[in-house]
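Here is the structure we will look at.
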Amino acid sequence: MECRDDLGSILPFLPLILRSSDVFWPPAVVEALKSLSKGPLHSNVNSGHLFALAIADLRNSLGFSSLYPSVSLGFSLFFDDLMSSDEADKWFGEVVPRLADLLLRLPALLETHYQNAGIFNGMVTGLRLLDSQQSGIVFLSQELIAALLVCALFCLFPSTNRGAKHLPPINFDNLFACLYEWDDTSQEDKIKCIVHYFEKVCSDMPMGNVSFERKVLPLENSPSNIFYPEADFWRKSHVSLCQLEVRTTGLIEDQSTEALEVDFANKYIGGGALSRGCVQEEIRFMINPELIISMLFLPSMADNEAIEIVGTERFSNYTGYASSFCFSGDYMDPKNIDKMGRRKTRIIAIDALCRPGNRQYKLEYLLRETNKAFCGFFYQTKVEQYQTLFKENRFLRAEPMNNISSEEYPDDYGEIGIVTGNWGCGAFGGDPEVKAVIQWLAASQALRPFILYHTFNLEVLQKLERVVQWILSHKWTVGELWNILVDYSTRRLKGETNVGLFNWLIPSLYNDDDNDPMVLDASRIT
Ligand SMILES: *[C@@H]1O[C@H](CO)[C@@H](O)[C@H](O)[C@H]1NC(C)=O
Ligand SMILES: *[C@@H]1O[C@H](CO)[C@@H](O)[C@H](O)[C@H]1NC(C)=O
Ligand SMILES: *[C@@H]1O[C@H](CO)[C@@H](O)[C@H](O)[C@H]1NC(C)=O
């Protein structure tokens, strides 16, 4: 098998064994999967209860512990009680046998994968651990992703060594245990999305590719020439602010044109997707389940890192949010395909500070958040322009960056904007006005053409559009807006003000007199 080093880094996290240079399932697993693949008349697996037993047997053959009782009970609850008997017949009669077939083919799919890896623009693209502080990209076919996801459904990934590597759990055991323990309709609907995905890929396997990239803004001692900016860099930036369009309705994932769609991520990508979570990130992972496989090989993000995933397909439609989340049937993904076989759906995972409280107004944390967003938003096609900007601020070093990019040249040039919303403002407790400005600064500095900002009708952002229009009409730079943000935040931290950023910024709005022209207190521009 090619790319032994890549395989070597991921092998401890796969259930396969390596013999000479090829990977295999242990013989007992092959026998059990073959039996499953012949259907319930042969395998006898025709219920959730028996499915859990079959999984426990497979795990036993791999030397893993048996499933917790809640996991088995979760499988029974879903497939025997919640699923209609017609659907269960189809699941056990048609889908499970095909899933078993796909799992049997996992070694061969990996073999083909490593043979093809590393042929795009000279980039290394093989499946490997994309470890912290190492920028890099992995290209996987949708078929290989499907096989790996079946492995997760069957709870066959080894779990013991993941925590030490800062990798989140990847098996679906907890997803089912939470269903049993919490008996929550949103949890049931999350599993419906996953089941729908498996049904769909089994009847018509998608043949595209997906790329997963760890983006790193190197810390100062790196040989790269763009690195983690300091406050001074933002303070002095002369870059113009980009367009910012406000939408009060609509959802990020419904974006029909190509843009970078922000995943309000946990530093462990996927957050609570495979446990009880059901907010923005987790919902995205349920409707685009191929995202889940990022959790297999991407350890948690540091402050100077982001993860960009291009090409996942959306399979499910839904309504609601959190406890009201509801699977609402099939979704035919209309997105175009790029020349690497990826759907033009770009998702950028950036993790905001979690429950920062007043800390979020400290310079150190403003910088952390702005740099985090910048790390997510910068793109390779603009690297020369960034170099010039960094040079102005004396941050430039000589060598060019490595060619690691999930973005395509040259048609993307200048086209790809950011679609986002109230990043880190729900459960994470960020200040929505401050977070909107931070994302605007980061997108502008990354030379993105626009931000489409979904407010989800949040009341405190009602003035966002007017504030943005005012600032744009006065042609502020990134540096000017940064300085205002820092000034406000310093006062907020000291308790000198407790009004929101926009009201502080524009006293006439604070007076709430809509007939007044918007007058900005010029003395506040320092
Ligand atoms: C998704 O569901 C929404 C709400 O039920 C509906 O309006 C929309 O047409 C659906 N979209 C697709 C592609 O099925
Ligand atoms: C997906 O990537 C492989 C290389 O890994 C390439 O050979 C194949 O053509 C790509 N698929 C599509 C649909 O472009
Ligand atoms: C980077 O990309 C450019 C243009 O595509 C190419 O000429 C150059 O050889 C690449 N450099 C590396 C290190 O791969």
Side-chain angles (χ1 to χ4, degrees), residues 1-3 6-7 10 105-128 130 136-148 185-186 189-190 192-193 195-197 199-201 204-213 247 249-258 261 278 280 283-284 286-290 293-294 297 308-322 324-346 403-409 411-412 454 456-457:
M1 190 175 283
E2 312 280 319
C3 300
D6 291 353
L7 176 63
I10 195 72
R105 288 176 47 231
L106 178 59
L109 287 168
L110 275 171
E111 181 108 13
T112 311
H113 164 78
Y114 285 112
Q115 275 161 11
N116 289 337
I119 59 172
F120 284 123
N121 302 338
M123 292 183 283
V124 177
T125 61
L127 176 61
R128 62 198 186 280
L130 282 182
I137 193 163
V138 164
F139 271 75
L140 302 176
S141 69
Q142 287 182 284
E143 190 177 25
L144 176 54
I145 293 172
L148 292 167
T185 61
S186 67
D189 284 75
K190 281 171 63 182
K192 282 184 182 169
C193 291
V195 162
H196 178 66
Y197 161 78
E199 287 171 350
K200 214 167 155 182
V201 297
D204 187 11
M205 182 58 72
M207 297 312 283
N209 292 319
V210 180
S211 66
F212 300 83
E213 178 183 10
R247 296 277 162 83
T249 59
L251 297 165
I252 294 172
E253 64 270 18
D254 290 334
Q255 175 65 19
S256 59
T257 56
E258 200 173 2
E261 302 168 20
C278 198
Q280 197 252 7
I283 291 174
R284 196 77 207 254
M286 293 303 114
I287 62 176
N288 292 45
E290 291 156 341
I293 218 57
S294 63
F297 58 90
E308 185 167 333
I309 301 174
V310 183
T312 62
E313 180 170 345
R314 177 166 168 191
F315 290 86
S316 294
N317 203 358
Y318 78 98
T319 58
Y321 191 78
S324 67
F325 174 75
C326 191
F327 166 73
S328 71
D330 185 46
Y331 184 91
M332 294 282 286
D333 193 329
K335 287 269 177 74
N336 292 331
I337 310 287
D338 74 11
K339 61 188 177 212
M340 295 174 182
R342 301 173 302 178
R343 272 201 159 56
K344 291 190 175 183
T345 297
R346 300 166 183 276
N403 287 355
I404 295 167
S405 174
S406 57
E407 309 225 3
E408 245 189 281
Y409 322 69
D411 46 318
D412 291 350
H454 289 277
F456 307 104
N457 227 352

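Just so you know, these numbers come straight off a predicted model, no measurement behind them. In listed order, ligands and their atoms are each counted from 1.
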**Message:** With side-chain contact (heavy atoms from CB on, under 4.5 Å) as the criterion, how do Ile10 and Asp6 come out once you've worked through the C-alpha distance, each side chain's angles and the decisive distance to 0.1 Å?
**Reply:** CA-CA 7 Å; Ile10 195 72; Asp6 291 353; over 6 Å; no

**Asked** Would a 4.0 Å cut-off, counted as strictly less than, catch a protein heavy atom around atom 14 (O) of ligand 1?
**Response**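 Flag for atom 14 (O) of ligand 1 set to true, protein heavy atom closer than 4.0 Å.
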
**Request:** Considering only protein heavy atoms, determine whether one is less than 4.0 Å from atom 7 (O) of ligand 1.
**Result:**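 Looking at atom 7 (O) of ligand 1, one finds that no protein heavy atom lies closer than 4.0 Å.
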
**Request:** Might you work through the ring-ring contact (aromatic ring centres under 6.0 Å, His included) test for Tyr321 and Phe456, ending with a clear yes or no?
**Result:** CA-CA 12 Å; Tyr321 191 78; Phe456 307 104; 7.6 Å; no

For [X], atoms of ligand 2 separated by under 4.0 Å from a heavy atom:
{"X": "Gly341", "result": "12 (C), 13 (C), 14 (O)"}
{"X": "Met207", "result": "13 (C)"}
{"X": "Asn116", "result": "4 (C), 5 (O)"}

**Message:** If you define the side chain from C-beta out and look only at heavy atoms, does anything of Leu127 sit under 4.5 Å from Tyr114?
**Reply:**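 Answer yes - side chains close enough.
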
**Prompt:** So, are Glu261 and Lys335 salt-bridged, with charged N and O less than 4.0 Å apart?
**Reply:**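 Judged by the 4.0 Å cut-off on N to carboxylate O distance, Glu261 and Lys335 do form a salt bridge.
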
**Request:** Take Cys278 and Lys190 through the side-chain contact (heavy atoms from CB on, under 4.5 Å) test and state the conclusion after the steps.
**Result:** CA-CA 8 Å; Cys278 198; Lys190 281 171 63 182; 4.1 Å; yes

**Prompt:** For atom 3 (C) of ligand 1, what is the nearest protein heavy atom, given as residue, atom name and distance?
**Reply:**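 Ranked first by proximity to atom 3 (C) of ligand 1 is Asn317 ND2, 3.6 Å.
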
**Asked** In terms of residue, atom name and distance, what is the protein heavy atom nearest to atom 5 (O) of ligand 1?
**Response** Thr319 CG2, 4.0 Å

**Asked** Quick one: does Glu290's side chain have a donor or acceptor within less than 3.5 Å of a partner on Glu313's backbone?
**Response**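 Yes; judged by distance alone, with no hydrogens or angles, the pair exists.
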
